[in-house]
Each structure stands twice: as structure tokens, then as C-alpha cells.
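In what follows, a single structure is set out as C-alpha cells and then discussed.
Just so it is clear: chains get the letters A, B, ... in the order the sequence lines come, proteins before strands, and each one is counted from 1. Below, each value reflects all heavy atoms present in this structure, side chains not excepted, and no hydrogens, waters or symmetry copies.
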There are 2 protein chains.
Amino acid sequence: MTKKAALLKAAENKVRLGGYSNFSFRELANEIGIKSASVHYHFPTKADLGAELAHQYTDAFIAVLGEPEAHKANGKNPIDIYTQLFTNALVIDKKMCLCGLLGAQSDSLPNKVRDEVKRFFIKNLAWLTQAHKINGELNPERAAIKTVSLLEGAMMISNTLDDISYFEQAIF
Amino acid sequence: MTKKAALLKAAENKVRLGGYSNFSFRELANEIGIKSASVHYHFPTKADLGAELAHQYTDAFIAVLGEPEAHKANGKNPIDIYTQLFTNALVIDKKMCLCGLLGAQSDSLPNKVRDEVKRFFIKNLAWLTQAHKINGELNPERAAIKTVSLLEGAMMISNTLDDISYFEQAIF
DNA sequence: AATAACCTACCTACTGATAGGTAATTTATA
DNA sequence: TATAAATTACCTATCAGTAGGTAGGTTATT
């Protein structure tokens with residue numbers, strides 16, 4: 001793992017616990033064993049790091065999702081696949097969705113970070129709209145918004161109350 | 001309006017835009033025309049301010065909600081009343097739910113602040129469970145979690161994408 | 001030799017917090 | 001009722017710590 005990748009990984013963990021202001025160049029540098037000035041070599045500003053983090057997170061998320069049509073072809077409901085990915089984030093990582101947390105504090109983010117968070121939700125809504133369309137939903141756009149809203153909201157509340165059963169109840 | 005109330009109001013605005021770390025004693029002091037050291041007279045620590053803010057926010061929210069039974073008696077669906085309160089927060093204030101944002105960053109909050117955010121959701125779930133029970137829901141607890149999750153999630157996404165129509169689509 | 005990936009050393013700005021002081025008001029006592 | 005004590009609501013000045021960021025030098029790789 002390169003130092004740059006390690007920096008992004010360390011930042012992701014911190015952001016998913018407390019948001020954009022929950023990491024500093026010094027902390028990241030200490031964690032991976034370099035100096036804070038060296039972090040600026042990989043990321044000129046904190047906003048650059050935040051934007052790249054959200055961009056990679058989005059790409060990885062969408063890549064893992066695969067194509068809704070492929071899931072359908074395998075006899076699986078693509079919405080269940082999507083729900084399972086959210087469940088993993090909460091149950092395995094025991095952390096919030098990176099872009100869920102960043103989205104909540106969207107108004108205070110640097111522009112380039114906010115733009116990447118927007119991209120996450122645009123891509124997610126597009127995927128879910130397609131999935132619901134395949135499922136024969138009458139209003140796939142609306143169904144997509146409802147799906148991601150319910151999951152993000154349930155994730156936040158389960159995280160707050162420190163009890164996964166709230167999330168499980170919300171999605172079943 | 002007392003200075004203390006003005007401090008809480010100023011803090012609320014900032015927290016609802018960017019979370020717990022989005023306000024400082026100096027900023028609040030400047031805004032209401034006192035010195036930052038004087039803020040410590042009203043709130044010994046930042047955590048004390050944050051906790052009192054979340055506590056008051058919760059009390060005010062629950063007070064405005066009234067009793068589910070009273071709404072039902074007036075021929076109104078109490079869930080619609082609840083949904084309308086969330087809509088107002090987003091449309092009128094153009095800001096996130098205070099406890100929604102704090103809940104997302106729950107893991108990085110001081111204990112006494114986190115406890116108050118928990119209290120917000122416990123009280124909301126109790127109100128919604130009672131409302132759904134009155135409505136004859138078979139599983140009022142589950143319906144309550146689904147209601148608040150959908151609203152908090154839709155609020156966050158609409159705020160991120162800076163477009164209220166996402167929220168409107170999610171709740172109708 | 002050139003470039004990548006660090007380093008030391010530093011800066012300015014800001015953070016929450018504390019010490020100690022003051023004027024005005026309120027409460028308790030003689 | 002007059003005086004003393006206490007409280008309220010601020011102030012100035014300062015603290016140690018941390019923030020993101022920069023200039024310029026060093027080391028390692030190709």
C-alpha cells in the first residue's frame with residue numbers, strides 16, 4: 001500500500017466517524033509514519049484530499065454494486081444487493097457512510113469536496129432508478145430516492161443510538 | 001432576547017450548517033457583541049453549550065409536535081403533522097435537522113452532547129410509535145423507525161443536492 | 001542527472017480555556 | 001433603613017495547543 005493510499009484510508013476512517021473536520025494533516029501523517037508537511041506533497045490542500053477521498057469512495061461503491069441488469073439476470077433483486085452494501089458498511093465497518101456524513105455537513109464543505117459528494121448521490125440515484133425500472137416500478141425515480149433516503153437515515157439513527165437493530169427494522 | 005439565548009440561536013444556525021465543529025466561542029461572541037471569554041460565563045465548556053443546545057432543540061421540537069391523540073381527534077393524521085414539521089425545517093430554515101447532523105457525527109461528539117442527541121431520537125421514536133399505533137399500524141415500532149429514517153435521509157440528500165424536490169418526492 | 005518522496009523548520013491564524021478584574025445589581029444582615 | 005456581602009454579566013490579557021500551509025533542503029530511485 002502506497003503512502004498516498006494509506007493517507008486516504010486513514011482519512012476515510014476519521015471522516016466516517018466525525019466528518020470533514022475530524023481529521024488533520026498532522027494526525028494522518030503520524031498514523032502512517034511521515035511528517036505533516038509531506039502530506040502536502042500528495043495533496044496540495046485539505047480540500048484536494050477530501051475531494052479525492054469522496055471521488056474514490058464513490059467509484060469503489062459503484063464498482064462493487066455492478067450492473068442492476070446482471071443481478072436481475074442472476075435471479076436476484078438489485079435493490080437487495082444495494083441494501084446489503086449499506087448493511088455491510090454499518091455492520092462490518094461500524095461506521096457511517098462517508099458521503100452520508102459529508103452530505104449532512106455539505107453547506108460547510110469546500111466546493112470541490114461538496115461537488116464530489118453530490119456526484120456520489122447522483123450516481124447512486126441513477127443506479128437505483130435503473131434497478132427499480134427493471135423491477136417494474138411505476139415511478140422508479142421516486143422509488144430510488146425513497147430507497148437511498150431510508151438507508152441513509154436508518155444508518156444515521158442506528159449509529160447515533162449505537163444499535164444495529166434499528167437499521168434492521170427499518171430495511172425489512 | 002438574553003445573550004445566552006442569542007448564543008444558543010447563533011450556535012444552532014452554525015451547527016445545522018456544518019456540525020459541532022462549525023462554531024467557535026469567538027465567532028458566537030462576535031456575532032452577538034460580547035467577548036469570547038464571556039461565553040464561558042454562560043457555558044463553562046463547549047460541550048456544555050452543545051448539550052444544552054441539543055436539549056433545548058429536542059424540547060422545542062417535541063413541544064411543537066403536541067399529542068398524537070389530539071391531532072387524530074381533530075381529524076388529522078399525526079404522521080402528516082410530523083412530516084410537515086420536518087418539511088418546515090428544510091424549506092423555511094433551509095438547514096439540516098440539528099440532531100440529524102449531530103447524529104451523523106455522533107462518534108466524535110463529547111459524551112454529554114451525544115447523550116442529548118440520543119434523547120432526541122428516543123423521544124421522536126416514542127412519539128411516532130404512538131402515532132402509528134393510533135393509526136392502527138400492525139408494527140408501530142417499525143413504522144416509526146421507517147418514518148424518521150426516511151425523513152432524515154431525504155433531508156440530508158435534498159440538502160446535499162440543493163434541491164427540495166428530492167425531499168418532496170421522498171415523502172409523497 | 002532528474003524526478004519522486006520525503007524531511008526540517010517555520011509561519012500565521014485560530015482553538016478552547018483560564019486568571020484576574022470591574023461595574024452594576026441583588027440579597028442578606030445589623 | 002443603611003450597610004455589607006454576594007451575585008450577575010461582562011471585560012482584558014494570556015495561555016498552550018492545533019490548524020492548514022510554505023520554503024527550502026535531503027535522500028532515494030530510475
Looking only at side-chain N and O atoms, does B:Ser38 come under 4.0 Å of OP1 or OP2 in D:dC11? yes
A:Glu27 has an atom CD; how far is it from atom P of D:dT18, in whole Å? 9 Å
Spacing of B:Arg26 atom CZ relative to C:dA13 atom C1', expressed in whole Å: 10 Å
Can you check whether A:His40 has a side-chain N or O nearer than 4.0 Å to OP1 or OP2 of D:dA23? no
Does a side-chain N or O from B:Lys35 land closer than 4.0 Å to OP1 or OP2 of D:dC11, or not? no
Report yes if at least one side-chain N or O of B:Ser24 is closer than 4.0 Å to OP1 or OP2 of C:dT15; otherwise report no. yes
Any side-chain N or O of B:His42 below 4.0 angstrom from OP1/OP2 of D:dT8? no
Is B:Tyr41 close enough to D:dA9 that one of its side-chain N or O atoms is under 4.0 Å from OP1 or OP2 there? yes
Carboxylate-amine/guanidinium contact B:Lys9 B:Glu12, below 4.0 Å: yes
When rounded to whole Å, the CG to P distance for the pair A:Asn22 and D:dA19 reads 10 Å
Rounded to the Å, how far apart are B:Leu28 CG and D:dC10 P? 14 Å
Whole Å only: how far is the CZ atom of A:Phe25 from the C1' atom of C:dC7? 17 Å
Is it the case that the side chains of B:Asp80 and B:Thr83 hold a donor-acceptor pair, with the cut-off being a distance below 3.5 Å and no angle test? no
Taking only the side-chain heavy atoms of B:Lys3 (C-beta and beyond), determine which of C:dC6, D:dC11, D:dC10 contains the nearest atom. D:dC10
note: A:Leu109, atom CG; D:dG20, atom P; distance rounded to Å ~ 14 Å
Lys/Arg-Asp/Glu bridge criterion (N-O < 4.0 Å) met for A:Glu137, A:Lys146: no
Base, sugar-phosphate, or nothing for B:Phe23, non-hydrogen atoms under 4.0 angstrom? sugar-phosphate
Mark yes or no: A:Lys35 above the aromatic ring of A:Tyr41, with NZ or CZ under 6.0 Å from the six-membered ring centre and no more than 45 degrees from the axis. no
Atom pair distance, as rounded to whole Å: CG in B:Leu7 and P in D:dA9: 12 Å
Quick check: do A:Gln105 and B:Asn22 have side-chain heavy atoms less than 4.5 Å from each other? no
